[in-house]
Student: 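Quick one: the structure is below, questions incoming.
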Amino acid sequence: MLKPYLRFKLIPLHIFLLVFLSAPLHAQTPPMVFRGALIYPIEGEPIANGVLVVQGGKILAVGKAADVVIPAGAVVQDVSGKVVMPGLVDTHSHIGRGDGADASAPLQPSVRIMDALDPQSDGFKRARAGGLTTVNVMPGSGHLLSGQTAYLKLRDARTINDLLLCVTPNKPVDVLDPDCIYGGIKMANGTNSIRPAPFPGTRAKSAAMVRALFVRAQEYRDKIKAAAGNAERMPKRELELEALVQVLNGQRIVHHHTHRADDILTVLRIAKEFGFRVVLHHVSEGGKVAAEIAAAKVPCSIITIDSPGGKLEAVNLMYETGAALEKAGVLTAYHTDDGITDSRLFLRSAAMGVRGGMSRQKALEAVTLAGAKMLDLDWRVGSLKAGKDADFIVLSGDPLSVYTHIEQTWIEGRKLFDRSNPEDYKFAVGGYNAYRDTGGDGLDDKGGER
Amino acid sequence: MRLLRFTIRFTFVAILFVAAFAPSAHAQIAVRGETVYTMSGAPIKDGVVLIRGKKIERVGAASQVAIPSGYKVLTAKVVTPGLIDAHSTVGLSGIFNTSGDQDQLELSAPVQPELRAIDAYNPREALVEFVRNLGVTTLHTGPAPGMLASGQTIIVKTAGRTVEEALVDSLGMVTFTLGESVSQNFKSPGTRAKSVAMLREEFLKAQDYAKRLKLKDLEKRPPRDLRSDMLLQVLSRSVTALFTAHRATEIMSVLRLQKEFGFKLVLDGGAEAYLLMNELKAAGVSVIIHPTMIRTYGDAKNASLETAAKLRAAGIAIAFQSGYEAYVPKTRIVLYEAAVAAANGLAFNDALSALTIDAAKLLGIEKRVGSLEQGKDADVVLFDGDPFEYTTHTCGVIIGGAVASETCK
C-alpha cells in the first residue's frame, strides 16, 4: 500500500485543484486578503488603505495595511479604489415567495414562514445584488400576529436549512431543537389588521385581543414552570402558545409593524405589561414620540418611501424620522419591506436618511450592525471584526452615492454576487426574463401589501 | 389744489405700498448658482438667472450679468430649470388612498375618453406640495393606466389655488392602456386580443360619427356624443394618444393600431421597449419611460434599470415619469427616477434633459418651460449639490417668478 503522501502525488493536478477549491471545509482553504480599499468596519473609524483577511468563512483580521500581517500562502486581491463594508442586514423583508397566516384568525403564532419559503427563489439573488447578506423574512400581513419570522443568511441554498440562522452562538441549525431560535414574531397594529370579523374592528379591540392571548401564554408558561421538568405534570402542548412563551422568556423578539404615534405607544404599553422584547417596524410617526421610544429603550426599524401616504397611517412617513430617532438616542435600522422598496437599492434608504438629517455613521450602522442587534445576531454579523462571519460587500465608491454600484457580495467567505459576471449582472439591473419568479414578493396582484 | 396735493401724496404712498407688498409674489429675483444648467447651452459656471415678474429676464455668467439693486438674491450650488414630471396621477390620486381622494380611475366602463382631468384635479392636494418642494414645477397629470381609454390629461404648474390658475394646457393627451391591468379591472376585455378588438371598434365608430356629422341632411346628423368627439380629436391628430403598454406584444399592438388609424402617438411605460427599439424609431414614437425603479412584476416584470440609457442611445426621445402607484408610496418622485437612470448608463446631461427640455418638447410646451432662457416662465430649482445624489437637497423652488419653497428638502 502506498503511503498517503505518495498516493496524493498520483492525483492529477487539475482534479486536485477542483477538489481543493470546491471543498466545503473552509478551514482547508488558504486565507484570502482584500487589500487597498477604504474599509468601513462600522465598529470603529473608516480605514483608508485597509486590509481585510478572511478564512474558513470568518474574518481573521481587519485593519490598516501597516497593522495587519498578511498570512503566508494567502490569496491576495487588490481592491484599491473600492469601498468594503459589512454585508447588509435587512430587518424586514418579504422576499422568497413565502406567505404566512391566512384569513381565518387575527392572531396565528403557530404559523412559521420557514414552512413556506422557496430557498431557490430569485428574490434571494436580487437581494444579494443589493448587498444583502442577512435578512429577516416576515410573514404577513394584515394580522395582529401573522406568525414566526425567519432569520436567513443568503447562502447559496437548495433547502431552507441552508439559509436559517440560529440566534444562539455555537449551535448548528436544527429546526427541531427548541433552543434554536431562528426568527422572531411578526405583529402589527393600526389600520392593516382592522378588518371584518373575526378580525378586530377598532384599535382598542386590537389591543384587547393581543392582551388576552398574552395572558393565556403567561398561564401556559407558569404551568410549564410548575411542572419543573416533570413530564407527567407538563400541560398539553399548545402550538399557538409555545412561540409566545419564548417571547415571554425574552428568547424570541417581537417585530411589530406600527405607524401612528398613538399606535406606537400602545405597542410600548403592551410590551411593558408583558415584559417582552420588541422592535418597532416602520414607525412613521416615530419622530413625534421619539422621547418615549428612547425611554423604553426600544429599537426602531424604519423604512424610506419616496412620498408619504398610500394609506392613512403612512401620511406622515418622512425622510426625517431616522434623524429624529438618532437625536433621541434610539437604536435605528432601515429595512426594505421588499417589495415595498427594492432590495437592490437598500443602500438608498440609508442615503435618504442622511438627506433627512441622519449622520453618515448612524445611517451606515442602520443597514448593518443596528439591524443585526435587532435580530440577536450581532455576535456574528453586522460589522467587520475578527471572529465574525466573512460577510462583506465591495463597492465602486461611496456607499451613499447614487452612482455607486455593488460589485461583489461575499457571504461566509464565498463570492455569491459578482457584477462582472453576466448572470449576476442581470439580477442587478433587470431585463428580459432576468427574474423568473418575482410574482410580486410581498405584494398582492394589485400591488397591495400581502 | 389741496385735493391735488392729497392725490399726489396718496399716489406716492400707494406706489410705496405696492412696491413693498404686492411684488412679494412675483418679485424681481436673481438666482446665482455655482453651476447653472440652462439646458439651452453649456452649463454656466457662476451663473445668474434674473427673474422679473413671471418670466426670465436674463441668463448668463455673473461676470456678464450684473444683478440690479433691489433684486432678491438666492444662491445655490446647482441651479436647474423647473423639473417636469411627464406623466403622473398626482392631484387626481391623493395621499390618503381612501375612496374620497382617488379620482384616477373610473371603473364603470373600460372606454371613457370623455373624462377630463380638469374636472378632477385638486391643486391643494398634499402630494402636489410634496413633489413641488422637491423641484417638480410642471406636472402632466391625469387618469391612471388600467382602462382601455381612461380619459384626458392636463398639464399644470404645481402652484395655483385653482386648477384654472395652475393650468398650462387644459387638454394634454388622451390616455389608453393595453395590458394586464385592464383585464384585472374589467370582466371584458379579458384578453389581449379582445382589448385590441374593442379599441378598433371604438375608433371605427368614431370614424363613422365623423362621416355622419358631415351629412347634408341635418336631420340625419348624429346627436353630439362626448366620447366620439374626443376619439375624433385623436383620429384627426389634434390631440395625442398616450398609450400605456409594457410588454413587447402590447407595444406592437399599439404600433399596429397607430398605423391603422394614423393618430399621434406617445408610448408610456415601455418596460420591454428595449426589445423594439428599431420599430419604435421607425415609427417615430417618443417614450415616457416607466419609473426606473418600477416594481418588476406583472406587465413590468422585465423592466430594466438601463432602458432609459438604451432608448436614448438609439436616438429615441424620452422623458421621465412618476407613473401611478396603487399603494405605498402614493407617488414616486420623477427626480429620483431620473437619478437612478443616470446611475445606470444614462449620461448626466441626458438625464437632466429628459427631466426638463426634452419633456417640455414631448408635451409641446417647450416655448414656455424646460430651459432657463430669456422670456420663458421663471421656473427655477436650487440644489445644494448634484441634483441626482441621494443626499443632495432641493433648497429652493420658484414657479412663474414666485418663490414656492425656500426650505431644504
Side-chain angles (χ1 to χ4, degrees), chain A residues 122 126 282 303-315 317-320 337-342 344-345 347-356 360 363 398 400-405 426 428-449, chain B residues 90 93-98 101 126-127 130-131 134 180-181 184-185 248 271-272 274-275 291-298 300-307 310 322 324-333 335-337 339-340 342-345 348 386 388-394 408-409:
Chain A
D122 283 349
R126 277 169 67 102
H282 309 325
I303 186 168
T304 292
I305 56 170
D306 288 3
S307 69
K311 58 178 176 177
L312 284 174
E313 58 187 13
V315 296
L317 207 168
M318 299 296 178
Y319 308 150
E320 292 83 5
D337 202 0
D338 195 326
I340 297 297
T341 70
D342 191 328
R344 294 176 300 168
L345 296 161
L347 277 168
R348 180 174 183 268
S349 293
M352 295 299 278
V354 173
R355 185 188 190 112
R360 278 179 60 92
D398 179 2
L400 301 181
S401 168
V402 67
Y403 301 110
T404 293
H405 290 297
K426 69 178 190 184
V429 301
Y432 199 72
N433 280 346
Y435 315 120
R436 286 151 301 158
D437 69 22
T438 44
D441 278 327
L443 296 170
D444 65 24
D445 55 10
K446 283 189 176 159
E449 200 176 352
Chain B
V90 163
S93 162
I95 191 170
F96 297 114
N97 208 13
T98 55
D101 74 343
L127 291 175
F130 192 84
V131 302
L134 291 169
E180 214 170 64
S181 61
Q184 280 167 359
N185 287 331
E272 295 176 10
Y274 53 80
L275 294 175
T292 317
M293 296 183 275
I294 194 169
R295 294 183 181 114
T296 52
Y297 74 101
K301 183 176 172 179
N302 293 324
S304 159
L305 301 179
E306 298 177 325
T307 304
K310 283 182 181 166
S322 58
Y324 168 66
E325 292 296 324
Y327 189 55
V328 176
K330 200 64 189 99
T331 184
R332 294 177 176 276
I333 308 300
L335 169 65
Y336 303 161
E337 304 303 330
V340 174
N344 285 277
F348 175 90
D386 176 348
F388 294 143
E389 275 293 7
Y390 297 141
T391 49
T392 292
H393 303 89
T394 307
C408 288
K409 293 280 183 183

Student: How long is the span from the CD atom in A:E320 to the NZ atom in B:K409, to the nearest 0.5 Å?
Tutor: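 Going from CD on A:E320 over to NZ on B:K409, the span is 6.0 Å.
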Student: More than 12 heavy atoms of other residues, nucleotides or ligands under 6.0 Å from NZ of A:K426: is that the case?
Tutor: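 Result for NZ/A:K426: enclosed.
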Student: When rounded to the nearest 0.5 angstrom, what is the spacing between CD in B:E272 and OH in A:Y432?
Tutor: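 Rounded to the nearest 0.5 Å, the CD-OH separation comes to 5.5 Å.
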Student: I'd like to know if the side chain of B:T391 pairs up with that of A:R360 as donor and acceptor (distance under 3.5 Å, no hydrogens or angles considered).
Tutor: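 No, no side-chain donor-acceptor pair sits under 3.5 Å.
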Student: Using 30° and 60° as the class limits, which term best fits the ring planes of A:Y319 and B:Y336: parallel, tilted or perpendicular?
Tutor: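 Rings of A:Y319 and B:Y336: tilted, as their planes differ by 30° to 60°.
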Student: Indicate yes or no: at least one non-hydrogen side-chain atom of A:D342 is less than 4.5 angstrom from one of B:M293.
Tutor: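 They are not in side-chain contact.
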Student: Roughly how far, to the nearest 0.5 Å, is CZ of A:R355 from OG1 of B:T394?
Tutor: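 CZ of A:R355 is found 5.0 Å from OG1 of B:T394.
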Student: Keeping the roles fixed (side chain from B:Y390, backbone from A:L347), state whether a donor-acceptor pair exists under 3.5 Å.
Tutor: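 Side chain of B:Y390 to backbone of A:L347: no pair is present.
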Student: Which bit of B:F130 comes within less than 4.5 Å of chain A, counting heavy atoms only: side chain, backbone, both or neither?
Tutor: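 Contact with chain A: side chain only.
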Student: Can you find a pair of side-chain heavy atoms, one from A:D306 and one from B:E325, that are under 4.5 Å apart?
Tutor: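 No, side chains not in contact.
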Student: Ignoring hydrogens, what is the shortest heavy-atom contact between B:E389 and A:V402? Give both atom names and the distance.
Tutor: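 That closest heavy-atom pairing would be OE1-N, 3.0 Å.
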Student: Counting heavy-atom pairs under 4.5 Å to chain B, which of A:A428, A:S401, A:G356 comes out on top?
Tutor: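 Most heavy-atom pairs under 4.5 Å with chain B: A:S401.
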Student: Please classify the contact between B:F96 and chain A as side chain, backbone, both or neither, with a heavy-atom cut-off of under 4.5 Å.
Tutor: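 Both parts, backbone and side chain.
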Student: Does any N or O in the side chain of A:K311 come within less than 3.5 Å of the main-chain N or O of B:K330, such that one atom is a donor and the other an acceptor?
Tutor: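 No, the answer is negative, given that no donor and acceptor are paired below the 3.5 Å cut-off.
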Student: Between B:T307 and chain A, with a heavy-atom cut-off of 4.5 Å, which part of the residue counts as in contact: side chain, backbone, both or neither?
Tutor: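 Neither; nothing under 4.5 Å.
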Student: Using non-hydrogen atoms and a 4.5 Å limit, figure out which bit of B:A303 sits close to chain A: side chain, backbone, both or neither.
Tutor: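 Just the backbone, heavy atoms under 4.5 Å.
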Student: Just give me the residue among B:N97, B:V131, B:N302 that pairs up with chain A most often, heavy atom to heavy atom, under 4.5 Å.
Tutor: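 It is B:N302.
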Student: Chain B heavy atoms under 4.5 Å from A:L317: which part of the residue, side chain, backbone, both or neither?
Tutor: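 Contact with chain B is absent: no heavy atom of A:L317 under 4.5 Å.
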Student: Indicate yes or no: at least one non-hydrogen side-chain atom of B:R295 is less than 4.5 angstrom from one of A:I340.
Tutor: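 When only atoms from C-beta onward are counted, A:I340 and B:R295 do touch, with a gap below 4.5 Å.
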Student: Can you tell which part of B:D101 gets under 4.5 Å to a heavy atom of chain A, answering side chain, backbone, both or neither?
Tutor: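 Neither part.
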Student: Do you know the tightest heavy-atom contact between B:K301 and A:R436?
Tutor: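 So the minimum-distance heavy-atom pair works out to NZ-O, 2.9 Å.
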Student: Go through B:V340 and A:R344 one step at a time and tell me if the side-chain contact (heavy atoms from CB on, under 4.5 Å) criterion holds.
Tutor: CA-CA 12 Å; B:V340 174; A:R344 294 176 300 168; over 6 Å; no
Student: State whether the side chain of A:H405 and the backbone N or O of B:N344 hold a donor-acceptor pair below 3.5 Å, judged by distance alone.
Tutor: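 Checked: no pair found.
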Student: CG/B:L134 to OG/A:S307 distance, rounded to the nearest 0.5 angstrom?
Tutor: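 B:L134 CG to A:S307 OG: 9.5 Å, rounded to 0.5 Å.
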Student: Measuring from B:T331:OG1 to A:I305:CD1, what's the distance to the nearest 0.5 Å?
Tutor: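 Taking OG1 in B:T331 and CD1 in A:I305, the distance rounds to 11.0 Å.
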